[in-house]
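Excluded from the calculations below are hydrogen atoms, water molecules and symmetry mates; all remaining heavy atoms, backbone and side chain alike, are included.
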Amino acid sequence: MNAGGPHSGSAVFGEVKDLSIGGAQVWLPERFSLFSKMEVLMRIGGLDFQGRAEVVGAEVHPTGEGYRYSRRWLGLSNHAKATLSQADCSQLTYRFYLEPFTNTKARAA
């Protein structure tokens with residue numbers, strides 16, 4: 001797989017199980033290789049969030065439908081940190097917008 005995952009440039013929907021200043025644990029239907037890097041855009045409690053992340057852990061969902069990923073943030077802006085600290089991040093549904101990490105551009109979620 002390439003560094004942006006199998007579907008670079010496409011939106012992937014997932015469910016957040018844990019979200020913090022250090023990273024996120026998410027369930028996604030698509031498979032991505034370890035250390036894949038991506039741009040993440042989501043809306044958290046009415047606030048826009050944008051950050052870059054990489055896959056640092058992956059396993060198949062117990063039902064065989066999808067994958068659980070641990071993602072680590074690769075530096076967050078002050079706005080992104082403030083968004084994470086203000087929002088209830090315990091259970092969210094959000095969208096990843098994936099692009100090759102070396103050519104990342106912001107897009108509306």
Side-chain angles (χ1 to χ4, degrees):
M1 286 186 215
N2 64 38
H7 303 288
S8 294
S10 62
V12 176
F13 294 89
E15 184 178 329
V16 176
K17 289 297 184 186
D18 183 25
L19 181 63
S20 71
I21 199 78
Q25 189 174 89
V26 299
W27 292 101
L28 296 171
E30 306 290 333
R31 183 175 176 188
F32 297 93
S33 60
L34 282 176
F35 308 112
S36 294
K37 295 173 179 64
M38 62 194 60
E39 185 78 14
V40 178
L41 296 157
M42 61 183 151
R43 194 139 174 93
I44 304 171
L47 302 171
D48 291 327
F49 173 86
Q50 180 177 349
R52 291 183 178 153
E54 74 175 337
V55 175
V56 294
E59 64 183 54
V60 176
H61 190 284
T63 65
E65 298 178 15
Y67 304 87
R68 183 186 66 84
Y69 294 101
S70 296
R71 298 187 181 273
R72 173 177 53 205
W73 301 122
L74 299 173
L76 293 173
S77 68
N78 288 334
H79 176 76
K81 289 176 185 176
T83 299
L84 290 174
S85 67
Q86 294 172 27
D88 174 11
C89 299
S90 60
Q91 184 80 19
L92 304 168
T93 300
Y94 70 99
R95 172 173 50 177
F96 276 126
Y97 182 81
L98 309 179
E99 288 189 359
F101 185 71
T102 57
N103 188 26
T104 305
K105 297 178 184 173
R107 296 200 180 190

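- K37 places none of its side-chain heavy atoms less than 4.5 Å from the side chain of F32.
- Contact between A24 and L19 at its shortest, heavy atoms only, is CB-CD1, 3.6 Å.
- V56 pairs by the side-chain contact (heavy atoms from CB on, under 4.5 Å) definition with E54, S70, R72, not counting sequence neighbours.
- Expressed to the nearest 0.5 Å, how far CD of Q25 lies from CZ of R68 amounts to 4.5 Å.
- Under the side chain to side chain donor-acceptor pair (under 3.5 Å) criterion, H79 pairs with no residue at all, not counting sequence neighbours.
- Minimum interatomic distance between Y69 and R31 (heavy atoms only, all atoms of both residues): OH-CA, 3.0 Å.
- Looking at residues two or more places apart in sequence or on another chain, you find no salt bridge (Lys or Arg N to Asp or Glu O under 4.0 Å) involving E65.
- When every heavy atom of A82 is checked against every heavy atom of S85, the shortest pair comes out as O-OG, 2.9 Å.
- With hydrogens and angles disregarded, a donor-acceptor distance shorter than 3.5 Å links the side chain of S77 to the backbone of A80.
- Closest of all the heavy-atom pairs between V60 and G64 is CG1-CA, 4.0 Å.
- Summarising the geometry, atom CZ belonging to R52 is positioned 11.0 Å from atom CG belonging to L76; distances are rounded to the nearest 0.5 Å.
- Annotation for Y67 and E30: closest pair CD1-O, 3.3 Å, computed over non-hydrogen atoms.
- Note on V16 and L47: separate hydrophobic clusters, where clusters join Ile, Leu, Val, Met, Phe, Trp and Tyr whose side-chain heavy atoms are under 4.5 Å apart, directly or indirectly.
- The shortest side-chain heavy-atom distance between R43 and D48 falls under the 4.5 Å cut-off.
- Across every non-hydrogen atom of W73 and I21, the tightest pair is CD1-O, 3.2 Å.
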